[in-house]
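First up is the structure itself, then whatever we jot down about it.
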Amino acid sequence: MGKYAWALMGLGIILIGIALFLIYSSFQAVQEGVTYENANADDITIELPFPGATVGHTFSVLGAARGRWFTNGSFPVVVLSPAGDVVGGSGAATNPPGGDWMTDEFVNYKTTIVLPDTFKGPATLVLKKDNLSGLARNDGSISIQITVQ
């Protein structure tokens with residue numbers, strides 16, 4: 001083979017590698033019962049409730065997120081039914097309140113979710129990166145499965 005053929009073969013391998021990386025990175029990442037979309041554990045974590053937890057109709061959500069997840073110190077949190085309907089939600093805020101969120105470092109957050117007494121059973125807790133731009137490339141979320149008793 002000539003040197004150009006080797007160069008083209010090398011370029012082809014590199015392009016295939018890049019394509020595979022892009023395909024892989026566009027899928028959801030699932031890690032220990034936690035589902036990340038356009039995010040990972042280096043962006044946001046959930047300390048409570050833990051994946052698979054059984055919660056009451058009122059429960060706290062605690063963890064830490066990079067400052068870029070917040071806008072004015074908060075980001076949205078929703079609880080979805082198995083059908084995907086929103087059954088409750090709140091805004092997670094810096095913990096302690098008024099904490100510095102204008103940083104690339106981790107910032108503790110906390111919120112309390114109150115669900116209707118009529119809702120029971122499996123649900124998905126979703127924490128969403130606050131995205132004022134509305135651009136899909138700036139979205140991000142972390143979700144876990146919970147059971148409401």
Side-chain angles (χ1 to χ4, degrees), residues 10-149:
L11 181 61
I13 291 171
I14 291 170
L15 291 175
I16 290 170
I18 291 171
L20 290 173
F21 171 77
L22 292 174
I23 290 168
Y24 174 77
S25 64
S26 68
F27 288 106
Q28 294 179 358
V30 178
Q31 184 177 29
E32 299 178 38
V34 179
T35 302
Y36 294 93
E37 290 191 41
N38 199 27
N40 59 51
D42 193 46
D43 295 318
I44 185 168
T45 62
I46 298 176
E47 293 177 31
L48 286 175
F50 56 88
T54 298
V55 299
H57 288 94
T58 300
F59 63 96
S60 293
V61 180
L62 303 168
R66 299 283 181 182
R68 61 184 170 266
W69 274 67
F70 297 82
T71 298
N72 294 325
S74 69
F75 60 85
V77 178
V78 295
V79 176
L80 303 176
S81 72
D85 299 320
V86 175
V87 294
S90 182
T94 58
N95 186 30
D100 181 18
W101 58 273
M102 296 182 73
T103 177
D104 280 334
E105 300 302 317
F106 274 101
V107 177
N108 291 330
Y109 65 81
K110 179 179 182 180
T111 190
T112 300
I113 302 291
V114 179
L115 301 175
D117 289 336
T118 56
F119 182 80
K120 294 185 186 316
T124 304
L125 175 67
V126 183
L127 288 70
K128 300 178 179 183
K129 181 179 180 184
D130 205 1
N131 176 11
L132 294 179
S133 74
L135 300 173
R137 71 173 182 249
N138 295 330
D139 284 340
S141 69
I142 179 175
S143 60
I144 62 170
Q145 299 301 309
I146 58 174
T147 302
V148 180
Q149 63 176 5

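Quick note: numbers below take in every heavy atom, side chains included, and nothing from hydrogens, waters or symmetry partners.
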Exercise. Does any N or O in the side chain of Asn38 come within less than 3.5 Å of the main-chain N or O of Arg137, such that one atom is a donor and the other an acceptor?
Worked result: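 Looks like yes, one N/O pair under 3.5 Å.
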For this session: Would you check if the side chain of His57 reaches a backbone N or O of Phe119 as a donor-acceptor pair within less than 3.5 Å?
Result: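 Side chain of His57 to backbone of Phe119, a donor-acceptor pair under 3.5 Å: yes, one is there.
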Check: [Y] and [X] side chains under 4.5 Å, non-hydrogen atoms:
X	Y	value
Ile113	Val61	yes
Leu48	Phe59	no
Phe106	Ile44	no

For this session: For Asn108, enumerate each residue passing the side chain to side chain donor-acceptor pair (under 3.5 Å) test, keeping only those at least two apart in sequence or located in another chain.
Result: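 Asn108: no side chain to side chain donor-acceptor pair (under 3.5 Å) contacts found.
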Ignoring hydrogens, what is the shortest heavy-atom contact between [X] and [Y]? Give both atom names and the distance.
X	Y	answer
Ala39	Trp69	CB-CZ2, 3.7 Å
Ser60	Thr112	OG-OG1, 4.0 Å
Pro51	Gly33	CB-O, 3.5 Å

Exercise. So which pairs with a foot in residues 42-51 pass side chain to side chain donor-acceptor pair (under 3.5 Å), sequence neighbours left out?
Worked result: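 As it turns out, the side chain to side chain donor-acceptor pair (under 3.5 Å) pairs with a partner in residues 42-51, which skip direct neighbours, are Asp42-Arg66, Asp43-Arg68.
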Output side-chain donor-acceptor pairs under 3.5 Å for residues 139-149, partner residues at least two apart or in another chain, one line each.
residue: Asp139; atom: OD1; partner: Asn131; partner atom: ND2; Å: 2.7
residue: Gln145; atom: OE1; partner: Thr124; partner atom: OG1; Å: 3.2
residue: Gln145; atom: NE2; partner: Thr124; partner atom: OG1; Å: 3.0

For this session: Just grab all the salt bridge (Lys or Arg N to Asp or Glu O under 4.0 Å) pairs involving residues 107-123, residues at least two apart or on different chains.
Result: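 Non-adjacent pairs meeting salt bridge (Lys or Arg N to Asp or Glu O under 4.0 Å): zero.
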Exercise. With sequence neighbours left out, which residue pairs that include part of residues 49-64 fulfil the salt bridge (Lys or Arg N to Asp or Glu O under 4.0 Å) condition?
Worked result: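 Pairs touching residues 49-64 that pass the test: none.
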Exercise. Do other residues, nucleotides or ligands put more than 12 heavy atoms under 6.0 Å from Lys129 NZ?
Worked result: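 Yes, enclosed.
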Give the table of side-chain donor-acceptor pairs shorter than 3.5 Å for residues 90-100, with sequence neighbours excluded, one pair per line with atom names and distance.
residue: Ser90; atom: OG; partner: Thr111; partner atom: OG1; Å: 2.8
residue: Thr94; atom: OG1; partner: Pro96; partner atom: O; Å: 3.4
residue: Thr94; atom: OG1; partner: Gly98; partner atom: N; Å: 3.3
residue: Thr94; atom: OG1; partner: Gly99; partner atom: N; Å: 3.0
residue: Asp100; atom: OD1; partner: Met102; partner atom: N; Å: 3.1

Under 3.5 Å donor-acceptor pairs involving side-chain atoms of residues 76-88, not counting sequence neighbours:
residue: Ser81; atom: OG; partner: Ala83; partner atom: N; Å: 3.2
residue: Ser81; atom: OG; partner: Gly84; partner atom: N; Å: 3.4
residue: Ser81; atom: OG; partner: Asp85; partner atom: N; Å: 3.1

Problem set entry | Contacts of type ring pair (Phe, Tyr, Trp, His ring centres under 6.0 Å), residue Phe75, not counting sequence neighbours |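 If we apply the ring pair (Phe, Tyr, Trp, His ring centres under 6.0 Å) test to Phe75, skipping adjacent residues, the hits are Phe70, Tyr109.
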